[in-house]
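Following: one structure in structure tokens, then a few remarks.
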Amino acid sequence: MSFRVEPDPSFKDVLAAADRPLAGIWVCSGSPLIAELCAGAGFDWTFIDAEHSPNGLESVLAQLQAVRGYPTVPVVRPPVNDTVLIKQFLDLGAQTLIIPMVHSAADAEAAVAAAHYPPRGVRGVGSALARSARWNRIPDYLSRASETVTIIVQIESAEAVANAAQIAAVDGVDGVFIGPSDLAASMGVIGQQDHPDVVAAVDESIRAVKAAGKFVGVNAFGEASARRYMDLGVDFVGVGADVALLARGSEALAAKFVPQDAAQQAGTPASY
């Protein structure tokens with residue numbers, strides 16, 4: 001006799017129940033081992049990224065399985081706002097998706113449609129074949145699927161900031177995640193996430209999304225920026241990444257034991 005199972009809580013449910021901003025860590029290494037390590041670190045949510053990381057369907061699946069036993073909400077970012085990819089990531093069992101590069105209400109509507117079965121959307125039906133429904137071991141999955149899915153769209157361009165209110169107002173958009181890095185690039189100040197104009201644009205977006213009654217998050221790897229946005233009332237913040245922690249931590253450890261000139265020589269490619 002097969003087990004009947006229930007879906008995990010979706011991010012929108014966890015956010016609704018929270019009494020503080022929820023802190024998350026990016027998992028960009030593509031490693032299920034590192035994903036599991038980060039999932040047990042104490043963060044509220046774990047962000048498995050497939051846009052800027054060496055992640056495909058198989059590695060995202062392995063990481064979803066690796067973090068499943070820990071008290072953290074897995075959040076997955078597909079590489080693009082694409083109907084087919086969104087379907088595939090949902091079928092893997094991702095219940096919360098952050099959709100990148102959403103610049104308009106039309107972009108947001110496309111993401112929402114991709115995430116829901118007809119008549120609300122256009123998601124293809126394959127529950128008997130998919131981990132999302134635990135291969136039809138979740139009772140009435142097809143009629144309940146929308147309850148399990150959280151769709152967060154990403155504002156990360158000047159155009160999106162101008163359209164923030166309309167994007168947040170789209171029915172089926174549960175939240176908005178603001179990306180200051182790409183926003184800075186679109187505003188002509190690439191690499192300057194703390195530029196006053198970028199910070200002002202982020203603040204403007206936060207206010208617009210909150211006014212629409214939707215959850216709002218922001219990426220802020222600097223502690224001062226993260227705490228400022230928390231004080232401003234955001235619901236969730238990305239505060240670091242596995243690869244960045246390893247890069248900076250390993251550099252700091254090496255600096256304690258290896259003279260700087262020797263480290264530079266060690267990093268110089270050999271001549272052939």
Side-chain angles (χ1 to χ4, degrees), residues 10-16 18 20-28 43-53 55 72-81 85-86 89-90 94-105 107-112 114-115 149-170 172-186 193 198-199 201-222 225-226 228-230 232-241:
S10 193
F11 199 27
K12 60 189 176 187
D13 302 316
V14 176
L15 286 167
R20 57 174 176 81
L22 301 185
I25 185 169
W26 290 50
V27 178
C28 306
F43 291 99
D44 300 300
W45 54 287
T46 302
F47 187 1
I48 303 169
D49 179 43
E51 184 186 15
H52 293 298
S53 306
N55 275 316
T72 185
V73 179
V75 175
V76 175
R77 180 167 67 175
V80 66
N81 184 5
L85 283 173
I86 289 172
F89 279 98
L90 289 173
Q95 292 180 210
T96 303
L97 298 182
I98 290 184
I99 309 300
M101 294 294 178
V102 170
H103 305 298
S104 66
D107 290 343
E109 287 167 355
V112 170
V149 172
T150 299
I151 294 300
I152 298 170
V153 297
Q154 196 159 355
I155 285 180
E156 45 189 340
S157 69
E159 178 187 0
V161 171
N163 294 326
Q166 293 89 342
I167 290 170
V170 170
V173 167
D174 298 299
V176 172
F177 187 58
I178 303 166
S181 294
D182 279 301
L183 177 57
S186 79
Q193 294 91 317
V198 176
V199 173
V202 173
D203 291 357
E204 177 185 342
S205 300
I206 291 171
R207 289 191 294 269
V209 177
K210 296 292 280 188
K214 302 294 179 70
F215 299 115
V216 61
V218 65
N219 200 47
F221 285 4
S225 295
R228 178 184 177 278
Y229 290 129
M230 287 178 168
L232 200 60
V234 299
D235 300 290
F236 58 107
V237 185
V239 297

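- The shortest distance between side-chain heavy atoms of Asp203 and Tyr229 falls below 4.5 Å.
- The CG atom of Leu15 sits 6.0 Å away from atom CG of Asp235, with the distance rounded to the nearest 0.5 Å.
- For the pairing with Val73, the side-chain contact (heavy atoms from CB on, under 4.5 Å) check across Phe47, Trp45, Phe236 returns one residue only, Trp45.
- In this structure, Asp49 contributes its side chain and Cys28 its backbone to no donor-acceptor pair below 3.5 Å.
- Counting heavy atoms from C-beta outward, Pro78 and Ile99 have side chains that approach closer than 4.5 Å.
- Taking the side chain as every heavy atom from C-beta outward, Asn81 and Ile86 approach each other to under 4.5 Å.
- Below 30°, between 30° and 60°, or above 60°: for Phe221 and Trp26 the angle between ring planes is above 60°, a perpendicular geometry.
- The side-chain heavy atoms of Leu183 and Val161, taken from C-beta on, include a pair separated by under 4.5 Å.
- Taking CG of Asn163 as the start and CG of Asp107 as the end, the distance is 9.0 Å to the nearest 0.5 Å.
- Contact check for Ile151 versus Val153: side-chain heavy atoms found under the 4.5 Å cut-off.
- In terms of modelled atom types and a separation under 3.5 Å, the side chain of Asp44 and the main chain of Ala23 share a donor-acceptor contact.
- Rounding to the nearest 0.5 Å gives a distance of 10.5 Å between OG1 of Thr150 and CD1 of Ile98.
- Pairing each heavy atom of Ser205 with each of Ile155, the nearest pair is OG-CG2, 4.1 Å.
- No donor-acceptor pair under 3.5 Å is formed between the side chain of Ser10 and the backbone N or O of Asp13.
- With hydrogens and angles disregarded, a donor-acceptor distance shorter than 3.5 Å links the side chain of Glu156 to the backbone of Met101.
- Taken to the nearest 0.5 Å, the CD1 atom of Ile178 stands 9.5 Å off from the CD atom of Gln154.
- Separation of atoms CZ (Arg77) and CD (Glu51) is listed at 4.0 Å; rounding is to 0.5 Å.
- Here the NZ-CD1 distance, from Lys214 to Ile167, works out to 11.0 Å after rounding to the nearest 0.5 Å.
- A distance of 6.0 Å or more separates the ring centres of Phe11 and Phe215.
- Of all non-hydrogen atoms in Thr72 and Phe43, the two that sit nearest each other are OG1-O, 3.2 Å.
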